[in-house]
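For reference, the structure is listed below as structure tokens.
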Amino acid sequence: MQGQCGMFSGMPELPEVETVARDLASALPGRCITAVWLGKTDFLADPAALQTQLPGCRIAAVRRYGKFLLLDLLPDNGTGRPGTLLVHLGMTGQLVVQPAAAVLPPHTHVVLTLDDGRQLRYTDVRRFGRIVLVSAGELDVSLAGLGPDPLEIGQAEFCARLGRRRARIKALLLDQRTLRGLGNIYADESLWRARIHPAEPAAQLGPARLKRLCRAVRQILREAIRWRGSSIANYRDATGAPGAYQRRHRVYGREGKPCVRCRTKIRCLVVAGRSSYYCPRCQRAPKSALRPVRRPRQIAH
DNA sequence: CTTACGGCCTGGGTGC
DNA sequence: TGCACCCAGGCCGTAA
């Protein structure tokens with residue numbers, strides 16, 4: 001099972017989406033959408049709705065919710081309905097503001113022309129992203145089920161949500177129902193900082209290590225936001241520029257390289273179906289964590 | 001109910 | 001030069 005990790009690419013997670021949201025929040029509010037152009041539409045829930053309902057809408061605000069970008073829209077001339085454009089960048093999605101005259105990059109599938117001569121463009125090689133227009137009343141339903149934002153909760157709630165779970169800690173960090181916004185990169189970086197093995201059951205951590213993990217998650221996310229996210233392959237901010245946090249990764253994508261704390265070679269193993277990079281010395285695994293979970297057999301009588 | 005896992009979507013990069 | 005395969009994250013179905 002070990003060393004079986006293949007290519008790593010890295011997707012937009014909380015820090016990347018936060019960076020894009022901040023960029024868009026300084027560029028879009030007040031702008032009106034004047035035209036919509038669509039390329040491939042198989043990743044759109046309702047292409048016709050975008051085509052008919054977006055023109056005439058004014059962008060009121062841009063927010064991040066977990067890994068989602070939320071563009072709040074207000075009708076500008078009576079033809080549009082108040083709502084929110086929900087954008088998930090998937091693995092390779094990019095949302096960039098460009099002058100309308102700029103060359104359209106390949107794999108651009110949604111172009112919203114704005115009333116200032118610029119365009120908001122969605123480019124996505126894999127089309128694993130999603131764009132959905134929801135009415136004001138539907139927004140809560142669309143976002144229901146996502147856990148709290150790790151930057152908005154304290155240690156108490158963090159421990160309460162994780163402390164009694166038997167699943168592996170890495171699986172829980174990746175589960176958007178537990179916490180919203182973490183992905184593979186920042187889960188691994190957080191576990192390394194907190195010196196916790198990715199395959200350890202959460203319930204086994206205890207309060208002290210859970211608090212350490214909570215603190216690590218917050219520190220890692222804040223640091224990554226400060227460096228404008230990680231660009232490994234596709235991620236770009238809303239101006240088209242890459243982030244810089246990939247240069248500060250301590251474990252992610254560093255298999256075989258020395259741990260910056262203890263010089264032990266970083267290893268990779270599959271946990272929760274994802275490549276998980278960790279230091280085998282700093283992040284010791286209890287033997288129980290590496291064996292497949294078994295249940296007591298039913299005794300026939 | 002909780003957890004684990006396999007499959008599906010797509011296509012660039014990799015390795016043969 | 002070609003080409004089969006791997007893998008990413010979210011989601012869903014299934015099994016224990």
Side-chain angles (χ1 to χ4, degrees), chain A residues 1-17 20 39-45 47 64-69 86-95 105-110 122-132 141-147 160-189 198-205 229-236 246 249 252-253 255 268-277 288-300:
Chain A
M1 245 350 198
Q2 306 217 344
Q4 291 309 302
C5 301
M7 270 300 299
F8 50 92
S9 57
M11 65 153 306
E13 306 177 27
L14 188 153
E16 289 77 25
V17 181
V20 173
K40 291 187 179 178
T41 58
D42 56 354
F43 67 106
L44 303 172
R64 176 187 64 79
Y65 194 92
K67 298 183 193 176
F68 288 88
L69 284 158
L86 232 141
V87 180
H88 194 293
L89 299 174
M91 295 178 56
T92 55
Q94 301 173 359
L95 213 41
H107 306 293
T108 299
H109 301 301
V110 178
Y122 182 76
T123 303
D124 190 346
V125 176
R126 297 278 187 271
R127 304 199 303 284
F128 279 15
R130 293 290 178 262
I131 299 180
V132 186
V141 181
S142 301
L143 299 175
L146 294 175
R161 294 191 74 88
L162 294 164
R164 285 173 214 88
R165 305 285 300 274
R166 290 186 191 177
R168 299 168 189 170
I169 186 62
K170 171 77 181 270
L172 293 176
L173 291 179
L174 292 177
D175 188 342
Q176 303 297 298
R177 295 168 296 188
T178 308
L179 295 171
R180 70 175 117 103
L182 283 176
N184 211 29
I185 295 175
Y186 300 106
D188 281 2
E189 294 295 321
E200 187 157 1
Q204 209 171 288
L205 294 175
S230 304
S231 288
I232 293 174
N234 293 280
Y235 165 69
R236 293 294 181 273
Q246 68 282 358
H249 290 173
Y252 187 81
E255 186 175 18
C268 183
L269 101 138
V270 175
V271 179
R274 296 286 172 259
S275 299
S276 300
Y277 298 91
S288 62
L290 293 182
R291 260 198 296 272
V293 179
R294 294 196 189 255
R295 266 157 218 291
R297 211 172 286 173
Q298 282 287 352
I299 310 289

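Just so it is clear: chains get the letters A, B, ... in the order the sequence lines come, proteins before strands, and each one is counted from 1.
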Any [X] side-chain N or O less than 4.0 Å from OP1/OP2 of [N]:
X       : N       : result
H107(A) : dG12(B) : yes
R127(A) : dG11(B) : yes
K170(A) : dA4(B)  : no
S275(A) : dA8(C)  : yes
R126(A) : dC9(B)  : no

Name the pairs: protein N/O against N/O of nucleotides 10-12 of chain C, kept only if under 3.5 Å.
from    : atom 1 : to      : atom 2 : distance (Å)
dG10(C) : OP1    : K67(A)  : NZ     : 2.5
dG10(C) : OP2    : K67(A)  : NZ     : 3.3
dG10(C) : N7     : R274(A) : NH2    : 3.4

Return the nearest nucleotide to the side chain of D42(A); candidates are dC5(B), dG11(B), dT10(B).
dT10(B)
Side chain of N184(A), heavy atoms from C-beta onward: which of dC5(B), dT3(B), dG9(C) has the nearest atom to it?
dG9(C)
The helix from dT2(B)-dA16(C) to dC16(B)-dG2(C): angle between terminal helix axes, five bp per end, to the nearest 10 degrees, reads 50°
Under 4.5 Å between any side-chain heavy atoms of [X] and [Y], yes or no?
X       : Y       : result
V110(A) : D124(A) : no
S142(A) : L86(A)  : yes
Y186(A) : L14(A)  : no

Rounded to the nearest angstrom, tell me the gap between atom [atom1] in [X] and atom [atom2] in [N].
X       : N       : atom1 : atom2 : result
L162(A) : dT2(B)  : CG    : C1'   : 15 Å
F128(A) : dC9(B)  : CZ    : C1'   : 5 Å
R177(A) : dA4(B)  : CZ    : P     : 12 Å
K40(A)  : dT10(B) : NZ    : C1'   : 9 Å
L14(A)  : dG9(C)  : CG    : P     : 15 Å
F43(A)  : dG9(C)  : CZ    : P     : 19 Å
N234(A) : dG9(C)  : CG    : C1'   : 13 Å
L269(A) : dC7(C)  : CG    : P     : 14 Å

Can you check whether [Y]'s main-chain N or O pairs, donor with acceptor, with [X]'s side chain at less than 3.5 Å?
X       : Y       : result
N234(A) : M91(A)  : no
R64(A)  : G66(A)  : yes
E16(A)  : G229(A) : no

Name the nucleic acid region contacted by R130(A), choosing base, sugar-phosphate or nothing; use a 4.0 angstrom heavy-atom cut-off, strictly under.
nothing
I'd like to check the salt bridge (charged side-chain N to carboxylate O under 4.0 Å, His left out) partners of R126(A); sequence neighbours left out, ordered by chain and number.
none
Go through the structure and list residues passing side chain to side chain contact (heavy atoms under 4.5 Å, CB included) with R127(A), not counting sequence neighbours.
K40(A), D42(A), F43(A), H109(A)
Any pair counted as salt bridge (Lys or Arg N to Asp or Glu O under 4.0 Å), so long as it reaches residues 179-189 of chain A, sequence neighbours left out
D149(A)-R180(A), K170(A)-D188(A)
Who passes ring pair (Phe, Tyr, Trp, His ring centres under 6.0 Å) against Y65(A), sequence neighbours left out?
none
